[in-house]
Amino acid sequence: MPELPEVEVVRRGLERWTSGRTAASAEVLHPRAVRRYAAGPADFAGRLAGRVMLAPRRRGKYLWIPLQDAGAAQEPSEALLAHLGMSGQLLVGEPGREREKHLRVRIVFTDGGHDLRFVDQRTFGHLMVCELVPDTFGVPGPAGQGLVPEPIVHIAADPLEEAFDPEAFFGALRRRKTGIKRALLDQSLISGVGNIYADEALWRAGLHWARPTETLTRAEAARVLEGAREVMGAALDVGGTSFDSLYVNVNGESGYFERSLDAYGRRDEPCRRCGTPIRRDVFMNRSSYSCPTCQPRPRRARY
DNA sequence: AGATGTTCCTGGATGC
DNA sequence: TGCATCCAGGAACATC
């Protein structure tokens, strides 16, 4: 299940394997993979052909590769945008290798080298070509760095970005009338935090998932942020989390972080701080794992 | 308008 | 053994 650290691992892999290379052609093997691209699969493929892939960028769980016309000097105005969803993979490898069962899109390059493949079993992920526009959540960076894909202008900065504003995040939390976990999963408040890392951040902060956001103190909000940063940083250090074979990095190697999780998936196992068995609640049609002792349910809960 | 519920998808695990 | 059902979850979209 790719969340921010896993997507960053993929981004780094692409930086090494596709930067500076020119796409020759693209083949869409399943239209659902480009469903968000209104102009359709043929136009999608046409937009990639002949364009140079620059260094990939990331915000939260979204990944994009700026596309430059060959020989052009101006800043790129379009990008190939990717979201891996539940089971998406971006794989780089020998062009002649066997086709994966769930291969959705294949891009080959003019140099005849490694191809780029989008493989996605559950097809929650997608690719599209889009415009790059000025960033409203982040701060302007070096030339061309202040641009983000138009379809994700509403996605907030993620906690590992310099542009992330903790005070603005705290203010947004206090204005909301909802539970802290729902807020953490809302990509317009903070991006890159999914179900797994939300539970981990709350365990580290000692807060229950149903804690009303409007009652959070600045210190509590800071603990949640710090927890998210720590757990995602640790996951990044070991190459991402993997619970099954669905997540692999760009070269097909799995991550090794799952053994380090403190809450997620540990139902009935002892809390690593106090020994109380971890409990599982169903919330938002998802599992939430927490320690009943370290993360007591608030008297007034919000969902 | 903000909060909350629904939906999309596949295949491994589980139950009878 | 075989078939049916459950479960995983990001985020757009629908509804209250």
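No experiment lies behind these values; they were computed from the predicted model shown. Residue numbering restarts at 1 for every chain, and letters A, B, ... go by the order of the sequence lines.
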Let me know the distance between [atom1] of [X] and [atom2] of [N], rounded to the nearest Å.
X	N	atom1	atom2	value
Gln121(A)	dG10(C)	CD	P	16 Å
Glu150(A)	dA12(C)	CD	P	12 Å
Asp281(A)	dC7(C)	CG	P	15 Å
Ile155(A)	dG10(C)	CD1	C1'	10 Å
Asp199(A)	dA8(C)	CG	P	12 Å
Asp186(A)	dG10(C)	CG	C1'	12 Å
Lys181(A)	dG10(C)	NZ	C1'	13 Å
Tyr37(A)	dA12(C)	OH	P	19 Å

Side chain of [X] only, please: which of [options] is the nearest?
X	options	answer
Gln187(A)	dA11(C), dG10(C), dA8(C)	dA11(C)
Leu185(A)	dG10(C), dA12(C), dA8(C)	dG10(C)
Glu3(A)	dG10(C), dA8(C), dA12(C)	dG10(C)

Applying a 4.0 Å non-hydrogen cut-off, can you work out what [X] is touching in the nucleic acid: base, sugar-phosphate, or nothing?
X	value
Arg104(A)	nothing
Tyr62(A)	sugar-phosphate
Gly85(A)	nothing

For His154(A) and dA12(C), is the shortest distance between a side-chain N/O and OP1 or OP2 below 4.0 Å? yes

Establish, yes or no, whether the cationic atom of Arg21(A) lies under 6.0 Å from the six-membered ring centre of Phe109(A) and within 45° of the ring axis. yes

Any side-chain donor near an acceptor of the partner, [X] and [Y], under 3.5 Å:
X	Y	answer
Arg57(A)	Tyr62(A)	no
Arg32(A)	Thr123(A)	yes
Ser287(A)	Arg280(A)	yes
Asp120(A)	Ser87(A)	yes

Of His102(A) and Arg286(A), whose nearest nucleotide on DNA chain B comes first from the 5' end? Arg286(A)

Please figure out whether Arg176(A) or Asn285(A) has its closest DNA chain B nucleotide nearer the 5' end. Arg176(A)

Quick one, Val224(A) with Leu207(A), criterion side chain to side chain contact (heavy atoms under 4.5 Å, CB included). Give me CA distance, side-chain angles, the key distance, then yes/no. CA-CA 8 Å; Val224(A) 174; Leu207(A) 293 175; 3.4 Å; yes

How would you give the extent of chain A contacts on DNA chain B, as first and last nucleotide 5' to 3' within a 4.0 Å heavy-atom cut-off? dA3(B) to dG11(B)

For the residue pair Tyr303(A) and Trp209(A), is the inter-centroid distance of their aromatic rings smaller than 6.0 Å? yes

